[in-house]
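One structure below.
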Amino acid sequence: MSFMIRAAVCAAFFLPGLGMAQDAPAPASALSRAVAEADNRQPAIPRPEQEATAQSKLDAFVELTGKRPNILIFIVDDMGYGDSGAFGGGEMIGAATPNIDALAAEGFKLTSTYAQYTCTPTRAAVYTGRLPARTGLIRPILAGDQITQNPWEGELTVAGLLSDAGYHTLLTGKWHIGETEGMRPHDVGFDEFYGFYKAQKEYTQDVYEMRFPDLVLDPDKRARYEAIGSNNDLVYGLADGTTETVETIGSITKMAEADTKLKDYTIQRIRELSEGEKPFFISHSFMKVHADNFASEAFKGASASKFPYRDNVVEVDAHIGEIVATLDDLGELENTFIFVTSDNGPQMDSWPDSGYTPFRGAKGTTWEGGVRVPGIAYWKGMIEPGRVSDGLFDLMDLFDTSLALGGVDASTLPSDRYWDGIDQTSFLLAEDGESKREHVYNWLGAQLAAMRMREYKAHLLVSLPQEKFLYIDMAAVVPTGLAPWLFNLYIDPKEEYPVGHRMNAWTASLGAELKAHGATFVKFPPKDLGL
Ligand code: CA
(Lines give C-alpha, C1' and ligand atoms only; values in the text may rest on other atoms or scores of the structure.)
Protein backbone atom coordinates (compact mmCIF):
# COMPACT_ATOMS: atom_id res chain seq x y z
CA MET A 1 0.00 0.00 0.00
CA SER A 2 1.34 3.42 -0.91
CA PHE A 3 -0.21 5.05 2.12
CA MET A 4 0.58 4.37 5.72
CA ILE A 5 -1.80 3.50 8.48
CA ARG A 6 0.14 2.56 11.54
CA ALA A 7 -0.65 -0.97 12.52
CA ALA A 8 0.13 -0.24 16.14
CA VAL A 9 -2.55 2.41 16.23
CA CYS A 10 -5.24 0.61 14.40
CA ALA A 11 -4.86 -3.09 14.96
CA ALA A 12 -6.59 -2.99 18.30
CA PHE A 13 -9.74 -1.38 16.94
CA PHE A 14 -12.55 -2.85 14.94
CA LEU A 15 -12.77 -2.10 11.25
CA PRO A 16 -16.03 -0.22 11.00
CA GLY A 17 -18.07 0.86 8.04
CA LEU A 18 -17.10 -2.05 5.82
CA GLY A 19 -19.82 -4.52 5.07
CA MET A 20 -22.58 -2.05 5.82
CA ALA A 21 -25.44 -1.59 3.41
CA GLN A 22 -24.22 0.68 0.58
CA ASP A 23 -27.15 3.05 0.77
CA ALA A 24 -26.65 3.96 4.42
CA PRO A 25 -23.07 3.57 5.64
CA ALA A 26 -22.92 4.11 9.40
CA PRO A 27 -20.49 6.48 11.14
CA ALA A 28 -17.10 4.89 11.62
CA SER A 29 -17.06 5.35 15.39
CA ALA A 30 -19.00 6.54 18.42
CA LEU A 31 -17.47 10.02 18.18
CA SER A 32 -18.50 10.62 14.58
CA ARG A 33 -21.61 12.52 13.56
CA ALA A 34 -20.81 12.02 9.89
CA VAL A 35 -22.54 9.63 7.54
CA ALA A 36 -21.67 8.86 3.92
CA GLU A 37 -24.23 9.46 1.20
CA ALA A 38 -22.40 6.84 -0.84
CA ASP A 39 -19.38 4.61 -0.32
CA ASN A 40 -17.34 6.80 -2.68
CA ARG A 41 -18.03 10.06 -0.81
CA GLN A 42 -16.44 11.63 2.23
CA PRO A 43 -18.91 11.22 5.11
CA ALA A 44 -20.54 14.50 6.16
CA ILE A 45 -22.65 15.68 9.07
CA PRO A 46 -26.29 15.76 7.95
CA ARG A 47 -27.83 19.22 8.39
CA PRO A 48 -31.14 19.03 6.52
CA GLU A 49 -32.69 22.20 7.97
CA GLN A 50 -29.87 24.56 7.08
CA GLU A 51 -29.63 22.89 3.68
CA ALA A 52 -33.25 23.69 2.98
CA THR A 53 -32.72 27.30 4.10
CA ALA A 54 -29.62 27.73 1.96
CA GLN A 55 -31.23 26.09 -1.06
CA SER A 56 -34.23 28.41 -0.98
CA LYS A 57 -31.89 31.40 -0.58
CA LEU A 58 -29.87 30.27 -3.59
CA ASP A 59 -32.99 29.49 -5.64
CA ALA A 60 -34.34 32.98 -4.88
CA PHE A 61 -31.03 34.51 -6.00
CA VAL A 62 -31.08 32.60 -9.29
CA GLU A 63 -34.70 33.50 -9.89
CA LEU A 64 -34.07 37.18 -9.17
CA THR A 65 -30.91 37.54 -11.27
CA GLY A 66 -31.67 34.92 -13.91
CA LYS A 67 -28.10 33.67 -13.54
CA ARG A 68 -25.95 31.46 -11.38
CA PRO A 69 -23.56 33.43 -9.14
CA ASN A 70 -20.02 34.36 -10.14
CA ILE A 71 -17.31 32.64 -8.11
CA LEU A 72 -14.01 34.36 -7.31
CA ILE A 73 -11.38 32.53 -5.29
CA PHE A 74 -8.26 34.38 -4.13
CA ILE A 75 -5.37 32.05 -3.34
CA VAL A 76 -2.34 33.81 -1.86
CA ASP A 77 0.87 31.77 -2.05
CA ASP A 78 2.43 30.78 1.29
CA MET A 79 0.68 33.50 3.28
CA GLY A 80 0.71 32.73 7.00
CA TYR A 81 -2.43 32.14 9.02
CA GLY A 82 -1.53 35.15 11.17
CA ASP A 83 -0.45 37.58 8.44
CA SER A 84 -3.69 39.48 7.96
CA GLY A 85 -5.13 41.72 10.63
CA ALA A 86 -8.34 39.68 10.59
CA PHE A 87 -6.37 36.64 11.74
CA GLY A 88 -4.22 38.34 14.36
CA GLY A 89 -1.46 39.99 12.30
CA GLY A 90 -1.84 43.12 10.18
CA GLU A 91 -0.57 46.23 11.88
CA MET A 92 0.73 44.17 14.79
CA ILE A 93 3.35 42.66 12.48
CA GLY A 94 4.02 45.74 10.39
CA ALA A 95 1.78 44.96 7.42
CA ALA A 96 -1.72 46.38 7.61
CA THR A 97 -4.32 44.50 5.54
CA PRO A 98 -7.45 46.69 5.58
CA ASN A 99 -9.06 45.08 2.53
CA ILE A 100 -8.78 41.48 3.71
CA ASP A 101 -9.90 42.61 7.16
CA ALA A 102 -12.97 44.32 5.70
CA LEU A 103 -13.98 41.17 3.79
CA ALA A 104 -13.67 39.19 7.03
CA ALA A 105 -15.62 41.77 9.04
CA GLU A 106 -18.35 42.03 6.42
CA GLY A 107 -18.26 38.35 5.57
CA PHE A 108 -17.70 35.01 7.27
CA LYS A 109 -14.40 34.26 9.00
CA LEU A 110 -13.55 30.56 9.07
CA THR A 111 -10.93 29.99 11.74
CA SER A 112 -10.45 26.29 11.01
CA THR A 113 -9.74 26.27 7.29
CA TYR A 114 -7.31 23.61 6.07
CA ALA A 115 -5.00 23.32 3.10
CA GLN A 116 -2.59 20.56 2.17
CA TYR A 117 1.00 20.92 3.39
CA THR A 118 2.50 22.48 0.22
CA CYS A 119 1.49 24.36 -2.94
CA THR A 120 0.82 21.69 -5.56
CA PRO A 121 -1.26 19.28 -3.48
CA THR A 122 -3.49 22.09 -2.22
CA ARG A 123 -4.18 23.46 -5.66
CA ALA A 124 -4.79 19.96 -7.05
CA ALA A 125 -7.21 19.24 -4.20
CA VAL A 126 -9.17 22.48 -4.70
CA TYR A 127 -9.54 21.95 -8.44
CA THR A 128 -10.28 18.19 -8.38
CA GLY A 129 -12.14 17.77 -5.07
CA ARG A 130 -9.96 14.76 -4.38
CA LEU A 131 -7.01 14.14 -2.11
CA PRO A 132 -3.69 14.38 -3.95
CA ALA A 133 -2.79 10.93 -2.61
CA ARG A 134 -5.62 9.61 -4.80
CA THR A 135 -4.92 11.57 -7.99
CA GLY A 136 -1.13 11.41 -7.78
CA LEU A 137 -0.98 15.22 -8.05
CA ILE A 138 1.31 15.37 -5.06
CA ARG A 139 3.98 17.51 -6.70
CA PRO A 140 4.60 19.03 -10.12
CA ILE A 141 5.86 16.57 -12.68
CA LEU A 142 9.47 17.56 -13.38
CA ALA A 143 11.60 17.18 -16.48
CA GLY A 144 13.20 13.77 -16.11
CA ASP A 145 10.35 12.21 -14.14
CA GLN A 146 9.54 8.84 -15.69
CA ILE A 147 5.78 8.74 -15.29
CA THR A 148 3.65 5.98 -16.73
CA GLN A 149 0.59 8.20 -17.09
CA ASN A 150 -0.39 11.85 -16.94
CA PRO A 151 -1.97 12.29 -13.50
CA TRP A 152 -4.53 14.65 -15.02
CA GLU A 153 -5.80 11.93 -17.33
CA GLY A 154 -9.40 11.12 -16.42
CA GLU A 155 -9.59 13.76 -13.68
CA LEU A 156 -12.44 16.26 -13.69
CA THR A 157 -11.90 19.82 -12.49
CA VAL A 158 -14.28 22.31 -10.98
CA ALA A 159 -13.32 24.61 -13.86
CA GLY A 160 -14.24 22.05 -16.51
CA LEU A 161 -17.49 21.05 -14.84
CA LEU A 162 -18.57 24.67 -14.42
CA SER A 163 -17.52 25.46 -17.97
CA ASP A 164 -19.79 22.65 -19.18
CA ALA A 165 -22.55 24.15 -17.02
CA GLY A 166 -22.32 27.52 -18.76
CA TYR A 167 -19.61 29.35 -16.84
CA HIS A 168 -16.57 31.12 -18.22
CA THR A 169 -13.64 29.74 -16.22
CA LEU A 170 -10.37 31.60 -15.80
CA LEU A 171 -7.19 30.96 -13.88
CA THR A 172 -5.15 34.11 -13.38
CA GLY A 173 -1.73 33.57 -11.84
CA LYS A 174 -0.02 30.57 -10.36
CA TRP A 175 -0.78 27.02 -11.49
CA HIS A 176 2.07 24.75 -10.33
CA ILE A 177 0.45 21.44 -11.27
CA GLY A 178 2.38 20.71 -14.45
CA GLU A 179 3.59 22.70 -17.44
CA THR A 180 3.65 20.28 -20.36
CA GLU A 181 0.82 19.75 -22.80
CA GLY A 182 -2.04 17.86 -21.19
CA MET A 183 -1.22 19.23 -17.73
CA ARG A 184 -1.74 22.96 -18.23
CA PRO A 185 -4.78 24.77 -16.81
CA HIS A 186 -6.30 25.29 -20.26
CA ASP A 187 -5.88 21.56 -20.98
CA VAL A 188 -7.75 20.45 -17.88
CA GLY A 189 -10.91 22.53 -17.81
CA PHE A 190 -10.08 26.23 -17.58
CA ASP A 191 -11.42 28.11 -20.59
CA GLU A 192 -8.67 30.65 -20.15
CA PHE A 193 -5.29 30.94 -18.42
CA TYR A 194 -3.19 34.03 -17.86
CA GLY A 195 -0.36 33.24 -15.52
CA PHE A 196 2.60 31.17 -14.52
CA TYR A 197 3.31 27.46 -14.35
CA LYS A 198 5.70 27.65 -11.39
CA ALA A 199 6.41 29.34 -8.05
CA GLN A 200 7.88 32.82 -7.88
CA LYS A 201 11.38 31.75 -6.79
CA GLU A 202 11.82 29.54 -9.82
CA TYR A 203 11.68 32.56 -12.13
CA THR A 204 14.36 34.57 -10.38
CA GLN A 205 16.95 32.15 -9.02
CA ASP A 206 19.11 32.33 -12.15
CA VAL A 207 19.31 36.13 -11.88
CA TYR A 208 19.39 36.61 -8.10
CA GLU A 209 23.11 37.14 -7.70
CA MET A 210 23.10 37.94 -4.01
CA ARG A 211 21.54 34.62 -3.07
CA PHE A 212 22.73 32.32 -5.84
CA PRO A 213 26.19 33.57 -6.95
CA ASP A 214 27.30 29.96 -7.51
CA LEU A 215 24.73 29.74 -10.29
CA VAL A 216 24.44 33.29 -11.59
CA LEU A 217 28.19 33.99 -11.89
CA ASP A 218 29.26 30.62 -13.28
CA PRO A 219 28.76 30.48 -17.08
CA ASP A 220 28.96 26.69 -17.26
CA LYS A 221 26.35 26.11 -14.58
CA ARG A 222 24.19 28.86 -15.98
CA ALA A 223 24.26 27.27 -19.46
CA ARG A 224 23.35 23.91 -17.97
CA TYR A 225 20.55 25.50 -15.97
CA GLU A 226 19.14 27.15 -19.07
CA ALA A 227 19.41 23.87 -20.99
CA ILE A 228 16.80 22.36 -18.64
CA GLY A 229 14.40 24.43 -20.75
CA SER A 230 11.87 25.16 -18.04
CA ASN A 231 9.22 27.70 -18.98
CA ASN A 232 10.05 31.20 -17.72
CA ASP A 233 7.10 33.03 -19.21
CA LEU A 234 3.91 34.72 -18.30
CA VAL A 235 1.63 32.54 -20.42
CA TYR A 236 -1.74 33.09 -22.08
CA GLY A 237 -3.69 29.97 -22.93
CA LEU A 238 -7.13 29.01 -24.19
CA ALA A 239 -9.02 25.74 -24.07
CA ASP A 240 -8.71 25.43 -27.87
CA GLY A 241 -4.98 24.85 -27.36
CA THR A 242 -3.83 28.41 -28.02
CA THR A 243 -0.72 28.96 -25.90
CA GLU A 244 1.20 32.22 -26.17
CA THR A 245 4.01 33.93 -24.34
CA VAL A 246 2.94 37.28 -22.92
CA GLU A 247 6.44 38.02 -21.71
CA THR A 248 9.52 36.20 -20.49
CA ILE A 249 10.42 37.05 -16.91
CA GLY A 250 14.20 36.80 -16.68
CA SER A 251 14.64 39.60 -14.16
CA ILE A 252 13.85 40.40 -10.58
CA THR A 253 12.15 43.66 -11.61
CA LYS A 254 9.73 41.86 -13.93
CA MET A 255 8.89 39.29 -11.28
CA ALA A 256 8.24 42.04 -8.74
CA GLU A 257 5.70 43.62 -11.09
CA ALA A 258 4.01 40.35 -12.10
CA ASP A 259 1.20 40.48 -9.57
CA THR A 260 0.21 43.95 -10.76
CA LYS A 261 -0.14 42.53 -14.28
CA LEU A 262 -2.22 39.64 -12.95
CA LYS A 263 -4.47 42.02 -11.03
CA ASP A 264 -4.91 44.22 -14.12
CA TYR A 265 -5.82 41.17 -16.18
CA THR A 266 -8.43 39.89 -13.74
CA ILE A 267 -9.97 43.37 -13.58
CA GLN A 268 -10.03 43.69 -17.36
CA ARG A 269 -11.67 40.28 -17.75
CA ILE A 270 -14.23 40.94 -14.99
CA ARG A 271 -15.21 44.14 -16.83
CA GLU A 272 -15.59 42.24 -20.12
CA LEU A 273 -17.30 39.21 -18.62
CA SER A 274 -19.79 41.32 -16.69
CA GLU A 275 -21.09 42.51 -20.07
CA GLY A 276 -21.78 38.95 -21.18
CA GLU A 277 -24.42 36.37 -20.38
CA LYS A 278 -22.22 33.81 -18.67
CA PRO A 279 -21.38 33.83 -14.99
CA PHE A 280 -17.66 33.45 -14.30
CA PHE A 281 -15.47 31.26 -12.15
CA ILE A 282 -12.12 32.94 -11.53
CA SER A 283 -9.27 31.56 -9.50
CA HIS A 284 -7.03 34.58 -8.89
CA SER A 285 -3.85 32.92 -7.67
CA PHE A 286 -1.16 35.31 -6.54
CA MET A 287 2.55 34.67 -7.15
CA LYS A 288 3.24 36.58 -3.94
CA VAL A 289 4.05 36.03 -1.13
CA HIS A 290 6.10 32.92 -1.98
CA ALA A 291 9.84 33.40 -1.48
CA ASP A 292 11.85 35.03 -2.91
CA ASN A 293 9.94 38.24 -2.37
CA PHE A 294 10.88 41.46 -4.11
CA ALA A 295 8.80 44.57 -3.64
CA SER A 296 7.22 46.17 -6.69
CA GLU A 297 7.95 49.81 -7.47
CA ALA A 298 4.58 50.94 -6.15
CA PHE A 299 4.79 49.02 -2.86
CA LYS A 300 8.47 49.27 -1.93
CA GLY A 301 8.49 50.29 1.72
CA ALA A 302 4.68 50.34 1.82
CA SER A 303 4.59 48.20 4.96
CA ALA A 304 5.55 49.54 8.35
CA SER A 305 8.12 46.74 8.59
CA LYS A 306 9.77 47.66 5.23
CA PHE A 307 10.71 44.01 4.64
CA PRO A 308 9.89 42.80 1.10
CA TYR A 309 7.65 39.99 2.39
CA ARG A 310 5.53 42.45 4.36
CA ASP A 311 5.48 44.97 1.50
CA ASN A 312 4.12 42.16 -0.65
CA VAL A 313 1.41 41.30 1.87
CA VAL A 314 0.36 44.95 1.65
CA GLU A 315 0.38 44.70 -2.15
CA VAL A 316 -1.68 41.52 -2.20
CA ASP A 317 -4.18 43.14 0.14
CA ALA A 318 -4.40 46.22 -2.10
CA HIS A 319 -4.98 44.04 -5.18
CA ILE A 320 -7.78 42.16 -3.45
CA GLY A 321 -9.31 45.51 -2.53
CA GLU A 322 -9.06 46.81 -6.09
CA ILE A 323 -10.60 43.70 -7.63
CA VAL A 324 -13.47 43.70 -5.11
CA ALA A 325 -14.01 47.44 -5.72
CA THR A 326 -14.25 46.71 -9.45
CA LEU A 327 -17.00 44.18 -8.81
CA ASP A 328 -18.77 46.78 -6.71
CA ASP A 329 -18.46 49.48 -9.41
CA LEU A 330 -19.89 47.08 -11.98
CA GLY A 331 -22.80 46.10 -9.76
CA GLU A 332 -21.45 42.54 -9.60
CA LEU A 333 -20.58 42.37 -5.91
CA GLU A 334 -24.02 41.04 -4.96
CA ASN A 335 -23.66 38.46 -7.74
CA THR A 336 -20.28 37.12 -6.68
CA PHE A 337 -19.26 34.54 -4.10
CA ILE A 338 -15.74 35.44 -2.92
CA PHE A 339 -13.32 33.28 -0.97
CA VAL A 340 -9.91 34.40 0.33
CA THR A 341 -7.27 31.92 1.47
CA SER A 342 -3.65 30.77 1.33
CA ASP A 343 -2.42 27.47 -0.14
CA ASN A 344 -0.35 26.43 2.90
CA GLY A 345 1.32 27.78 6.01
CA PRO A 346 4.26 30.17 5.94
CA GLN A 347 7.59 28.90 4.64
CA MET A 348 9.68 29.45 7.73
CA ASP A 349 12.80 28.05 6.05
CA SER A 350 13.14 31.32 4.12
CA TRP A 351 12.91 33.53 7.23
CA PRO A 352 12.78 36.53 7.41
CA ASP A 353 11.21 36.26 3.96
CA SER A 354 8.29 34.46 5.66
CA GLY A 355 4.84 34.89 7.03
CA TYR A 356 3.52 34.51 10.53
CA THR A 357 1.57 31.68 12.08
CA PRO A 358 0.55 31.38 15.72
CA PHE A 359 0.68 27.60 15.37
CA ARG A 360 3.39 24.96 15.63
CA GLY A 361 5.20 24.05 12.43
CA ALA A 362 5.23 25.63 9.00
CA LYS A 363 4.81 24.87 5.32
CA GLY A 364 6.00 21.36 4.55
CA THR A 365 4.56 19.86 7.72
CA THR A 366 1.15 18.63 8.84
CA TRP A 367 1.36 20.54 12.10
CA GLU A 368 -1.31 23.22 12.32
CA GLY A 369 1.29 25.78 11.21
CA GLY A 370 1.66 23.94 7.91
CA VAL A 371 -1.95 23.27 7.01
CA ARG A 372 -4.19 25.72 8.85
CA VAL A 373 -4.82 28.77 6.69
CA PRO A 374 -6.99 31.86 6.75
CA GLY A 375 -10.45 31.40 5.24
CA ILE A 376 -12.90 34.17 4.45
CA ALA A 377 -16.19 33.66 2.63
CA TYR A 378 -17.86 36.85 1.44
CA TRP A 379 -21.00 37.38 -0.57
CA LYS A 380 -22.79 40.68 -0.19
CA GLY A 381 -26.43 40.16 0.64
CA MET A 382 -26.10 36.39 0.75
CA ILE A 383 -23.65 35.69 3.58
CA GLU A 384 -24.54 37.27 6.90
CA PRO A 385 -21.84 39.85 7.78
CA GLY A 386 -19.67 39.40 10.84
CA ARG A 387 -20.01 35.66 11.21
CA VAL A 388 -17.14 33.67 12.71
CA SER A 389 -16.95 29.89 12.97
CA ASP A 390 -14.46 27.28 14.05
CA GLY A 391 -16.30 24.65 12.03
CA LEU A 392 -13.96 22.57 9.88
CA PHE A 393 -13.54 23.70 6.29
CA ASP A 394 -11.17 21.90 3.95
CA LEU A 395 -10.19 23.90 0.86
CA MET A 396 -11.29 20.84 -1.14
CA ASP A 397 -14.80 21.80 -0.08
CA LEU A 398 -14.52 24.71 -2.52
CA PHE A 399 -14.82 22.11 -5.29
CA ASP A 400 -18.21 20.82 -4.12
CA THR A 401 -19.44 24.21 -2.90
CA SER A 402 -18.61 25.85 -6.24
CA LEU A 403 -20.40 23.07 -8.11
CA ALA A 404 -23.47 23.55 -5.91
CA LEU A 405 -23.43 27.32 -6.45
CA GLY A 406 -23.05 26.66 -10.17
CA GLY A 407 -26.01 24.31 -10.24
CA VAL A 408 -23.99 21.17 -10.99
CA ASP A 409 -25.47 18.11 -9.29
CA ALA A 410 -22.55 16.33 -7.61
CA SER A 411 -24.47 13.03 -7.57
CA THR A 412 -23.98 12.92 -11.35
CA LEU A 413 -20.18 12.72 -10.95
CA PRO A 414 -18.54 9.39 -11.83
CA SER A 415 -18.94 6.67 -9.19
CA ASP A 416 -15.68 4.89 -10.09
CA ARG A 417 -13.60 7.13 -7.81
CA TYR A 418 -13.62 8.60 -4.34
CA TRP A 419 -14.67 12.23 -3.73
CA ASP A 420 -13.17 13.92 -0.70
CA GLY A 421 -14.81 17.35 -0.76
CA ILE A 422 -18.04 18.33 0.98
CA ASP A 423 -20.65 20.80 -0.25
CA GLN A 424 -20.54 23.50 2.42
CA THR A 425 -23.05 25.85 0.77
CA SER A 426 -25.47 25.54 3.70
CA PHE A 427 -22.70 26.21 6.25
CA LEU A 428 -21.91 29.46 4.45
CA LEU A 429 -25.34 30.67 3.35
CA ALA A 430 -27.66 29.69 6.20
CA GLU A 431 -27.48 32.40 8.84
CA ASP A 432 -26.83 29.89 11.64
CA GLY A 433 -25.25 27.26 9.36
CA GLU A 434 -22.73 24.86 10.82
CA SER A 435 -19.96 22.94 9.13
CA LYS A 436 -20.84 19.62 7.57
CA ARG A 437 -17.24 18.42 7.86
CA GLU A 438 -16.30 16.11 10.68
CA HIS A 439 -12.75 15.21 9.61
CA VAL A 440 -9.75 16.84 8.00
CA TYR A 441 -7.02 14.43 6.88
CA ASN A 442 -3.48 15.73 6.68
CA TRP A 443 -1.41 13.85 4.15
CA LEU A 444 2.32 14.20 3.77
CA GLY A 445 2.90 13.18 0.15
CA ALA A 446 1.61 9.62 -0.11
CA GLN A 447 1.49 9.09 3.65
CA LEU A 448 -1.39 9.81 5.99
CA ALA A 449 0.27 11.86 8.74
CA ALA A 450 -2.55 13.27 10.86
CA MET A 451 -6.25 13.84 11.23
CA ARG A 452 -8.29 16.56 12.87
CA MET A 453 -11.73 15.60 14.14
CA ARG A 454 -13.69 18.23 16.07
CA GLU A 455 -11.06 19.85 18.32
CA TYR A 456 -8.84 16.76 18.38
CA LYS A 457 -5.77 16.25 16.25
CA ALA A 458 -4.06 12.87 16.08
CA HIS A 459 -0.60 12.54 14.51
CA LEU A 460 0.80 9.30 13.14
CA LEU A 461 3.88 10.97 11.63
CA VAL A 462 5.49 14.20 12.80
CA SER A 463 8.00 16.56 11.19
CA LEU A 464 10.71 17.44 13.66
CA PRO A 465 13.01 20.27 12.57
CA GLN A 466 16.62 19.85 13.59
CA GLU A 467 17.06 23.63 13.64
CA LYS A 468 14.53 26.31 14.49
CA PHE A 469 12.41 27.13 11.40
CA LEU A 470 14.02 24.53 9.11
CA TYR A 471 10.88 22.50 8.58
CA ILE A 472 11.73 21.69 4.96
CA ASP A 473 15.49 21.83 4.67
CA MET A 474 16.49 20.05 7.87
CA ALA A 475 13.63 18.16 9.42
CA ALA A 476 13.05 14.50 10.07
CA VAL A 477 9.68 12.87 9.53
CA VAL A 478 9.25 10.41 12.34
CA PRO A 479 6.54 7.86 13.11
CA THR A 480 5.03 8.40 16.53
CA GLY A 481 5.43 5.68 19.12
CA LEU A 482 2.96 3.31 20.74
CA ALA A 483 0.16 5.88 20.66
CA PRO A 484 -0.56 8.63 18.16
CA TRP A 485 0.36 12.11 19.37
CA LEU A 486 -3.03 13.44 20.29
CA PHE A 487 -3.70 17.11 21.01
CA ASN A 488 -6.81 19.00 22.04
CA LEU A 489 -6.62 22.14 19.90
CA TYR A 490 -9.04 24.09 22.06
CA ILE A 491 -6.83 23.88 25.12
CA ASP A 492 -3.56 23.57 23.20
CA PRO A 493 -3.75 25.22 19.75
CA LYS A 494 0.05 25.12 19.48
CA GLU A 495 0.14 21.31 19.81
CA GLU A 496 2.72 21.43 22.57
CA TYR A 497 1.54 18.90 25.12
CA PRO A 498 -0.40 15.81 24.08
CA VAL A 499 -3.50 14.79 25.96
CA GLY A 500 -2.72 11.34 24.70
CA HIS A 501 -4.65 8.29 25.82
CA ARG A 502 -4.42 9.51 29.43
CA MET A 503 -6.78 12.43 29.00
CA ASN A 504 -8.86 11.47 26.03
CA ALA A 505 -11.82 9.17 26.01
CA TRP A 506 -11.92 9.04 22.21
CA THR A 507 -8.59 7.44 21.36
CA ALA A 508 -10.27 4.29 20.11
CA SER A 509 -12.74 6.28 18.03
CA LEU A 510 -10.00 8.34 16.42
CA GLY A 511 -8.14 5.14 15.55
CA ALA A 512 -11.28 3.72 13.97
CA GLU A 513 -11.80 6.93 11.98
CA LEU A 514 -8.24 6.80 10.65
CA LYS A 515 -8.72 3.18 9.70
CA ALA A 516 -11.99 3.90 7.91
CA HIS A 517 -10.27 6.61 5.89
CA GLY A 518 -7.48 4.17 5.02
CA ALA A 519 -10.05 1.62 3.88
CA THR A 520 -11.31 4.04 1.19
CA PHE A 521 -7.88 3.72 -0.46
CA VAL A 522 -8.26 -0.04 -0.56
CA LYS A 523 -11.72 0.14 -2.10
CA PHE A 524 -10.72 2.95 -4.49
CA PRO A 525 -7.01 2.42 -5.16
CA PRO A 526 -4.94 5.58 -5.75
CA LYS A 527 -3.57 6.29 -9.20
CA ASP A 528 -0.18 4.75 -9.85
CA LEU A 529 2.05 7.14 -11.78
CA GLY A 530 5.05 4.86 -11.66
CA LEU A 531 7.01 7.47 -9.70
CA1 CA B 1 2.36 27.72 -1.48
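Read the numbers this way: they start at 1 and go in the same order the structure lists the ligands and their atoms. Basis for what follows: all heavy atoms, side chains included, without hydrogens, waters or symmetry-related copies.
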Under 3.0 Å from the Ca ion (ligand 1) - protein N/O/S, by chain and number: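 As for protein N, O or S atoms lying under 3.0 Å from the Ca ion (ligand 1), they are Asp77 OD1, Asp78 OD1, Cys119 SG, Asp343 OD1, Asp343 OD2, Asn344 OD1.
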Asp423, Asp397, Asp400, Asp390 screened by salt bridge (charged side-chain N to carboxylate O under 4.0 Å, His left out) with Arg437, the one that passes: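 Considering Asp423, Asp397, Asp400, Asp390, a salt bridge (charged side-chain N to carboxylate O under 4.0 Å, His left out) with Arg437 is found only for Asp397.
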Within 6.0 Å of CZ in Phe307, more than 12 heavy atoms from elsewhere: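 Not more than 12 within 6.0 Å, no.
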Atom NZ of Lys306 with >12 non-hydrogen neighbours under 6.0 angstrom: yes
Qualifying residue for ring-ring contact (aromatic ring centres under 6.0 Å, His included) with Phe339, from Phe393, Trp379, Phe281: Phe393
Check: Asp77 side chain, Phe286 main-chain N or O, donor-acceptor pair, under 3.5 Å: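 Not a single qualifying donor-acceptor pair exists.
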With Asp420, the side-chain hydrogen bond (donor to acceptor under 3.5 Å, both in side chains) member among Gln42, His517, Arg134: Arg134
